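In this chain, numbering begins with 1 at the start of the sequence shown. Just so you know, these numbers come straight off a predicted model, no measurement behind them.
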Amino acid sequence: SERTAAPEKQALDPVGTDFVPSNLSPTLDAVAADNPSVYDEGCHRDEEDSDPSGCRIGEEAEAPLVFLVGDSHAASWYPALEQLANEGKIRLDSNTKNSCLPLETEQQFLDRPYDSCAQWRTGVLQRIEQEQPDLVVLAGFSNRERLLSGSGADADAQWRDGLAETIAQIDGPPVAVMRDVPTQQKAPNHCLAKNLDTADRCATPRTVAFDEPLVEAEAGAVAESGTDAQYVDLSRYFCNASTCPAIIGDTVVFRDSHHL
């Protein structure tokens, strides 16, 4: 499209932009590779790496210490927290690893037990115990296929119990569990390239954008934790009552089907 769109401030229930603006950011050619800076900085662990040391940013010694823990969906929150750290509002200790959920339960990668995930997670939880940060932020992809099958428990219960155990092991610091972002039915760049003047066709119905049983499992684990834990639901910043738009203002919301 030759039309432009104005940037939009963050607001609840976004309507979305129904065309692909000429000033789209990032461009359709670049969006798939628009990874958070945590990747380039060498702070995101790959599938083989079990090193639990985090990356610390923020030079304000008196600012509260925040630990970010989880998989690549946790890494998607890194830019927002990085900005707070650069502004001196927090000190950030970033701990993210490919496909490793912040759940104390058996997980799999490429149909094999994901042993390095368990080792890494244990090490990160030990560091949290030692450091006693002011806040721990947990985030992960709501993908039940990550769970190692054969545990005897159904996936929803395994997910809830795994998150409950992680929260229980974080003794002292308050915990914020991020509700996962909406999953898209199509890769946004491919869909938008075919619908330059009808971008609303690339919006995902809210009814299929979330795995609601897992959302309920997480909310239940937090509610029943008996600790200073909160479930942080930002879904209304990505979706309105019916859809989750692919473009808000002049910005592509997702770089692929499930990453911001």
Side-chain angles (χ1 to χ4, degrees), residues 38 41-78 80-82 84-85 88-109 113-141 146-148 151 153 157-180 217-232:
V38 67
E41 293 165 2
C43 294
H44 183 75
R45 306 302 180 205
D46 62 23
E47 296 82 4
E48 303 298 327
D49 194 346
S50 59
D51 178 5
S53 60
C55 287
R56 187 74 61 90
I57 62 171
E59 298 180 359
E60 178 53 60
E62 300 302 317
L65 177 60
V66 177
F67 266 61
L68 174 65
V69 182
D71 60 9
S72 58
H73 280 216
S76 294
W77 295 112
Y78 178 86
L81 295 173
E82 179 186 34
L84 293 177
K89 296 177 180 178
I90 65 170
R91 290 173 294 142
L92 175 62
D93 196 300
S94 182
N95 304 268
T96 59
K97 175 175 167 63
N98 275 357
S99 302
C100 185
L101 297 166
L103 309 179
E104 279 295 294
T105 190
E106 292 184 322
Q107 299 175 39
Q108 63 183 1
F109 184 77
Y114 197 2
D115 294 335
S116 72
C117 173
Q119 295 165 3
W120 172 82
R121 194 175 57 251
T122 295
V124 172
L125 289 172
Q126 289 174 346
R127 290 185 56 241
I128 291 173
E129 177 64 24
Q130 295 167 357
E131 295 276 353
Q132 287 293 298
D134 297 281
L135 177 66
V136 178
V137 178
L138 304 178
F141 181 22
R146 296 266 187 86
L147 302 178
L148 187 65
S151 69
Q158 187 179 353
W159 198 281
R160 182 184 62 247
D161 294 346
L163 177 57
E165 181 59 26
T166 298
I167 295 173
Q169 290 195 32
I170 300 173
D171 185 14
V175 178
V177 178
M178 306 297 296
R179 176 174 173 166
D180 196 18
E218 291 181 342
V222 171
E224 297 166 9
S225 67
T227 64
D228 189 7
Q230 299 290 329
Y231 195 48
V232 182

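Closest approach of T96 to A74, counting heavy atoms only: CG2-CB, 3.9 Å. Contact record, G54 with R127: N-NH1, 3.4 Å, taken as the closest heavy-atom pair. Nearest approach of A221 to I167, heavy atoms of both residues: O-CD1, 4.4 Å. Of all non-hydrogen atoms in P173 and P133, the two that sit nearest each other are CB-O, 3.3 Å. The shortest non-hydrogen separation linking D51 to W120 is O-CD1, 3.2 Å. For the pair L148 and Q158, the tightest heavy-atom approach, listed with the atom from each and the gap, is O-NE2, 3.8 Å.
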(request) Dump the intermediate steps for side-chain contact (heavy atoms from CB on, under 4.5 Å) on E218 and D180, then the final yes or no. (result) CA-CA 10 Å; E218 291 181 342; D180 196 18; 5.6 Å; no
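By the 6.0 Å contact criterion, CD on E129 is enclosed, its count of non-hydrogen atoms from other residues, nucleotides or ligands being greater than 12.
Here the straight-line distance linking atom CD1 of I128 with atom CG of D171 works out to 11.5 Å at 0.5 Å rounding. To the nearest 0.5 Å, atom OH of residue Y114 and atom CD of residue E106 are 15.0 Å apart. With rounding to the nearest 0.5 angstrom, the CD atom of E82 is 10.0 Å from the CD1 atom of I90. Here the straight-line distance linking atom CZ of F109 with atom CG of N98 works out to 7.0 Å at 0.5 Å rounding. Here CG of L103 is found 7.0 Å from CZ of R121. Values are rounded to the nearest 0.5 Å. Rounding to the nearest 0.5 Å gives a distance of 13.0 Å between CZ of F67 and CG of L81.
The closest side-chain heavy-atom distance from D134 to V66 is not below 4.5 Å. L68 places none of its side-chain heavy atoms less than 4.5 Å from the side chain of V38. Contact check for L84 versus L92: no side-chain heavy atoms found under the 4.5 Å cut-off. Side-chain atoms of I57 and Y78, non-hydrogen and from C-beta on, do get closer than 4.5 Å to each other.
Proximity of a side-chain donor or acceptor of R45 to a complementary backbone N or O of S53 within less than 3.5 Å is detected. Without hydrogens or angle criteria, D71 side chain to F141 main chain gives a donor-acceptor distance under 3.5 Å. No donor-acceptor pair closer than 3.5 Å links the side chain of R91 to the backbone N or O of R56. Using a distance-only test at 3.5 Å, with no hydrogens or angles considered, a donor-acceptor pair links the side chain of T166 to the main chain of P102.
Here the options are E47, E48, K97, the test is side chain to side chain donor-acceptor pair (under 3.5 Å), and the partner is S116; only K97 passes.
Looking only at atom types and distance, the side chain of T105 has no donor-acceptor partner in the side chain of R146 under 3.5 Å away. Counting only N and O atoms by type, the side chains of Q126 and Q130 include no donor and acceptor under 3.5 Å apart.
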